[in-house]
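Both backbone and side-chain heavy atoms feed into the values below; hydrogens, waters and symmetry mates do not.
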Amino acid sequence: MFVILNPEFTGKSRVKKGRTVSRINEVMTGGGERFYIADIAASEKGINWDEVEYFLGRYGKNILLDSRIKLPDFTGLKRFSSDEFKNILLFNTLSSLFKGMYLEGLKISCFINDPEGLYSSFLSLIVKFASETVVFTKRGFRYHSEVSRLYSYMGAGVRITDKEIKEQEGVFVLDTAGSFKYSGRGLVFSPRGQGLNPWGVRGFSDIKSLCPEYIDITEFFGAMYKLNREYRLKDAFCEYFRQGKDIKSAGEVYEKMKGSAQKGARKRESIIFYV
């Protein structure tokens, strides 16, 4: 269960004490879960965040709010983090795009940055199409079992390391933490921050219809997956990728990935070694 905050400007100089949360709307989902939309009265002086925090109590730790509205540092209210779901979108979507490149005969090098070792169960989605897979993590032990399994069943070799990545052409970096410092010429995919970020979800119109227009659709899907047990979203694909204000379709990104892989292959083929 989560709460969506919907600030509404009253046009007044102040809001009476106890009236900041003006209305609570309960929304039932198809799976029998629920979430709430709280209408928040805002005056010329802004929003009484202390009153909102007091009213929501423990439910104020997982809120969705218009990204243009900044929460003050003093409040205990916390935005819900959808990084886990966004990374699921990245693994699923990149696996699909890699499959297309694989069928076109392109060699794929994928570097996965997973410092805490949280996504080992998704590794198979990448290695079955990549000719080279490298995982950067501080928790390598969380990958050992899966790497051994993939080698036994697929003959796929995966390198686990905690060393920094070197610059390389044609590499695809899946940065699950959104904090990887990469200076190469490949493409970076991350839940937030640098590179291409997933935005929107393909299909699931029943869930989309529940999302208010002022809420980021990907954040909403993340809350539905994590907090409202919509586990069918574990198989979701992202509809678009966003880089700053630039939004590209998955098809456009696929063409960019092909160009990057082809360029990297040509550069590697042009190197002549003399013995």
field: Lys138: partners by side-chain contact (heavy atoms from CB on, under 4.5 Å), with sequence neighbours left out
entry: Pro115, Glu116
statement: Residues passing the side-chain contact (heavy atoms from CB on, under 4.5 Å) test with Tyr254, sequence neighbours excluded, are Leu97, Met101, Glu104, Lys258
In this structure, are over 12 heavy atoms from other groups packed under 6.0 Å from [X] atom [atom1]?
{"X": "Arg159", "atom1": "CZ", "answer": "no"}
{"X": "Lys208", "atom1": "NZ", "answer": "yes"}
{"X": "Tyr102", "atom1": "OH", "answer": "no"}
{"X": "Tyr143", "atom1": "OH", "answer": "yes"}

field: Polar contact flag, side-chain donor to acceptor under 3.5 angstrom, Ser190-Asn197
entry: yes
- prompt: With distance as the sole criterion, is a donor-acceptor pair present between the side chains of Tyr225 and Glu230 under 3.5 Å?
  reply: no
Are the ring centres of [X] and [Y] closer than 6.0 Å?
{"X": "Phe122", "Y": "Phe91", "answer": "yes"}
{"X": "Phe98", "Y": "Phe172", "answer": "yes"}
{"X": "Phe180", "Y": "Phe136", "answer": "yes"}

- prompt: With distance as the sole test, does Glu53 use its side chain to make a donor-acceptor pair with the main-chain N or O of Gly76 at under 3.5 Å?
  reply: yes
Side-chain donor/acceptor of Glu51 to backbone N/O of Gly18, under 3.5 Å: yes
message: Salt bridge or not between Asp216 and Arg79? Use side-chain N to carboxylate O under 4.0 Å.
response: no
message: Just to verify, which of Arg192, Lys226, Glu219 counts as forming a side chain to side chain donor-acceptor pair (under 3.5 Å) with Ser82?
response: Glu219
- prompt: Which class fits the ring pair Phe35 and Phe2: parallel under 30°, tilted 30 to 60°, perpendicular over 60°?
  reply: parallel
